[in-house]
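All chains are named by letter (A, B, ...) in the order of the sequence lines, taking the proteins before the strands, and each is independently numbered beginning at 1.
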Amino acid sequence: MTERIALVDVNNFYVSCERVFDPKLIGRPVVVLSNNDGCVVARSQEAKDLGITTGAPFFKVKQFIQSHGMAVRSSNYELYGDMSARVMEVLSRFGTWQEVYSIDESFIGVQGNPGQLGELATRIRSAVGRSVGVPVCVGVAPTKTLAKFANHVAKRNAHLDGVCSMDSMDPQVVGDIQSRVPVTDLWGVGARTGARLSGMGISTIADLKAADVTEIRKKFSVVLQRTVLELNGTPCIPHNEERADKQQIMYSRSFSNPVTTIEDMVEVMSIYAQRGAARLMSDGLWATLLTVTAGTSRFASGEASFPSITLKLPSPTQDPILLTRLAVGAMREIMHPGASYVRGGVVLSGLQPEPGQAAFGIFEEEMAETHVGDVLGAVKAKFGNKSIGLGSGGLAVEPGWSMKRDYSSPKFTTDWADIPVVKA
DNA sequence: TCTGGGGTCCTAGGACCC
DNA sequence: TCTGGGGTCCTAGGACCC
């Protein structure tokens with residue numbers, strides 16, 4: 001019995017989710033857009049083959065997309081979140097432990113001799129396909145970094161049928177592949193590090209694998225040192241089975257139209273602070289720090305302005321009234337009226353699971369405000385997010401800056417009104 | 001006209017303490 | 001006038017990931 005790590009991820013996750021509920025999209029080139037329909041965040045293989053790149057601004061490729069008959073969808077995160085939970089549940093049945101790494105990826109612990117590991121990978125792939133309907137690739141190896149690499153190999157070699165277990169591979173072949181794949185394709189090596197490595201004559205995975213660990217530690221960091229060790233088969237990246245406690249809650253969005261006035265920005269901050277407070281309450285967390293930010297476009301020629309300020313909260317809180325008041329007040333101070341802001345955000349950090357001991361003076365006030373928060377939360381849970389709000393957060397009409405979503409698919413799995421109807 | 005939205009971890013440097 | 005050194009905590013910023 002050998003202990004191994006499997007990295008399972010869904011191919012073109014968002015596109016695959018859309019296809020489950022709209023089979024007409026199968027075989028067609030499909031792209032999914034980011035919030036605000038700003039840029040391309042997911043592409044089907046057919047769209048990749050046509051040369052659409054991830055992160056491409058939609059307005060620049062729109063013509064090309066339409067002229068090639070590609071299907072376009074706005075992102076539907078409720079649907080993807082729900083599909084993700086289903087995939088993770090299936091994977092959990094196959095692992096001795098599981099670390100959910102992202103919305104479409106999970107590491108799981110697996111055991112067996114080389115032959116069994118390859119078969120297991122194939123069984124995982126068909127189980128997810130059968131019960132959720134999305135295609136996955138599986139990479140199996142002794143370390144996380146190598147499991148990621150094996151997954152990469154499975155994806156790029158059609159004859160492997162979506163699975164690659166390193167124990168069944170000829171070491172010579174592994175070496176050949178590693179000496180052809182650029183080091184920046186490796187998990188943990190980005191463009192910056194890649195450029196510096198290249199200056200040292202390290203350009204492929206094989207080069208990095210052969211590099212001197214102590215030199216790497218000195219010139220870079222323990223992060224890259226761990227990567228080198230993992231490439232050589234020594235596991236040194238720990239796995240977090242339990243979802244690490246969240247360190248921060250961020251609510252940040254681009255606007256469909258720029259915000260230039262204090263009144264509009266106050267409206268934005270008021271709503272974002274209340275969304276943040278709602279997430280604190282649903283996660284059972286209290287914040288001790290509040291950051292508000294805004295930014296002008298990096299692509300525009302007007303005044304550049306990136307105001308940002310962090311406030312220490314008087315005591316740990318999840319109170320929407322207090323957070324709204326502070327966020328609005330802080331933003332009034334730091335923004336430049338007249339600058340054309342295209343995004344804004346509220347970050348809650350210094351999170352803790354208990355309200356802790358409040359100073360006596362503010363304690364009573366806190367109590368009163370907490371009750372209001374409970375009431376707000378209850379009303380929203382029952383009647384939806386837009387049913388009630390504080391100050392300018394209680395908007396009956398969509399404001400001018402709210403998100404654009406012109407190509408939405410229905411909330412197939414999370415809204416009764418949108419559940420697909422089967423006619424037999 | 002239109003260019004995403006989250007997150008994590010590590011490191012260096014300053015403040016402060018004894 | 002002399003002007004150490006080690007430790008901790010906090011924060012900002014960099015790099016990376018999906």
Side-chain angles (χ1 to χ4, degrees), chain A residues 7 9-14 31-43 53-63 65 74-75 77 80-81 84 99-107 144-145 148 151-152 183-197 217-227 236-240 243-258 272 275-276 279 283 288-289 291 293 295-302 306 308-312 340 342-351 400-401 403-407:
Chain A
L7 186 269
D9 73 347
V10 181
N11 304 346
N12 316 322
F13 182 55
Y14 298 168
V31 301
V32 176
L33 305 178
S34 65
N35 274 326
N36 226 16
D37 293 345
C39 53
V40 174
V41 287
R43 308 152 294 154
T53 54
T54 187
F58 181 53
F59 75 92
K60 282 192 179 171
V61 292
K62 194 170 176 180
Q63 257 334 166
I65 283 176
S74 299
S75 38
Y77 290 103
Y80 312 148
S84 172
E99 176 184 341
V100 175
Y101 180 69
S102 76
I103 192 163
D104 74 329
E105 274 179 66
S106 179
F107 290 104
K144 284 184 167 179
T145 303
K148 274 274 198 181
N151 182 282
H152 181 272
V183 73
T184 45
D185 280 11
L186 206 56
W187 184 49
V189 183
R192 298 293 176 112
T193 306
R196 287 181 58 200
L197 283 170
R217 171 72 182 92
K218 251 189 290 175
K219 294 201 171 137
F220 296 86
S221 66
V222 293
V223 181
L224 195 61
Q225 180 188 30
R226 286 201 279 247
T227 300
C236 42
I237 300 178
H239 33 265
N240 320 1
R243 216 66 207 104
D245 284 340
K246 214 173 285 175
Q247 308 290 306
Q248 58 178 29
I249 286 173
M250 191 184 296
Y251 204 91
S252 153
R253 292 286 184 280
S254 298
F255 313 134
S256 53
N257 294 303
Y272 288 11
R275 298 273 165 86
R279 285 189 57 194
D283 293 354
T288 59
L289 296 168
T291 305
T293 62
T296 51
S297 169
R298 282 166 299 148
F299 303 94
S301 51
F306 295 88
S308 167
I309 192 172
T310 299
L311 309 178
K312 218 171 211 119
S340 225
V342 296
R343 61 180 303 112
V346 167
V347 183
L348 298 162
S349 53
L351 303 180
W401 44 265
M403 261 206 290
K404 196 160 66 180
R405 264 189 187 181
D406 291 342
Y407 306 89

List for me each residue that meets salt bridge (Lys or Arg N to Asp or Glu O under 4.0 Å) alongside [X], sequence neighbours excluded, and say none if there are none.
X	value
A:D37	none
A:K62	none
A:D283	A:K246

Interatomic distance, [X] [atom1] vs [N] [atom2] [rounded to whole Å]:
X	N	atom1	atom2	answer
A:Q248	C:dT11	CD	P	13 Å
A:F220	B:dT11	CZ	P	13 Å
A:M250	B:dT8	CE	C1'	10 Å
A:R343	B:dT3	CZ	P	10 Å
A:F299	B:dC2	CZ	P	11 Å
A:I237	B:dT8	CD1	P	17 Å
A:K218	B:dT11	NZ	P	16 Å
A:R43	B:dG4	CZ	P	16 Å

Just jot down the side-chain hydrogen bond (donor to acceptor under 3.5 Å, both in side chains) partners of A:S106, sequence neighbours excluded, or say none.
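Here the qualifying residues are A:Q98.
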Sequence-distant partners of A:R405, side-chain hydrogen bond (donor to acceptor under 3.5 Å, both in side chains), two or more places apart:
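Here the qualifying residues are A:N35.
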Set of residues satisfying side-chain contact (heavy atoms from CB on, under 4.5 Å) with respect to [X], sequence neighbours excluded:
X	value
A:T53	A:A56
A:Y80	A:F13, A:Y14, A:C17, A:E18, A:V32, A:S75, A:N76, A:Y77, A:I103
A:S221	A:V223
A:L289	A:T310, A:K312, A:S349

Looking across every strand, which nucleic acid part, if any, lies under 4.0 Å from [X] by heavy atom: base, sugar-phosphate, or nothing?
X	value
A:V342	nothing
A:K404	nothing
A:Y251	sugar-phosphate

Heavy atoms from C-beta onward define the side chain here; which of [options] lies closest to that of [X]?
X	options	result
A:K312	B:dT11, C:dT11, B:dG4	C:dT11
A:S254	B:dG5, B:dT11, B:dC2	B:dG5
A:V223	B:dG4, C:dT11, B:dC10	B:dC10

I need a per-nucleotide contact map over nucleotides 12-18 of chain C, read 5' to 3'. Cutoff is protein heavy atoms under 4.0 Å; write B for the base, S for backbone only, - otherwise.
---SSSS
Along DNA chain B (nearest heavy atom to each residue), the more 5'-positioned of A:S252 and A:R217:
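Comparing both residues, the 5'-ward one is A:S252.
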Side-chain N or O of A:R226 versus OP1/OP2 of B:dC9: is the shortest distance under 4.0 Å?
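Checking A:R226 against B:dC9: no side-chain N or O falls below 4.0 Å of OP1 or OP2.
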Between A:R43 and A:T54, is any side-chain donor less than 3.5 angstrom from a side-chain acceptor?
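Looking only at side-chain atoms, A:T54 and A:R43 do not form any donor-acceptor pair under 3.5 Å.
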My validator wants the stems of DNA chain C: runs of 3 or more consecutive Watson-Crick or G-U pairs, both distances under 3.5 Å, written as range with range.
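Detected stem regions: B:5-18 with C:5-18.
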Is it true that the NZ or CZ of A:R196 lies under 6.0 Å from the centre of A:F220's six-membered ring and within 45 degrees of the ring axis?
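Relative to the ring axis of A:F220, which defines the angle, A:R196 lies inside both limits.
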I'd like the C1' distance from C:dG4 over to B:dC16, given in whole Å.
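These two C1' atoms come out 16 Å apart once rounded.
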Scan residues 31-39 of chain A against DNA chain B and write down, sorted by residue number, each residue with any heavy atom closer than 4.0 Å; if none is found, say none.
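By residue number: A:S34, A:N35, A:G38, A:C39.
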Decide yes or no on side chain to side chain donor-acceptor pair (under 3.5 Å) for A:S102 and A:D104, but give the supporting numbers first.
CA-CA 5 Å; A:S102 76; A:D104 74 329; 3.1 Å; yes
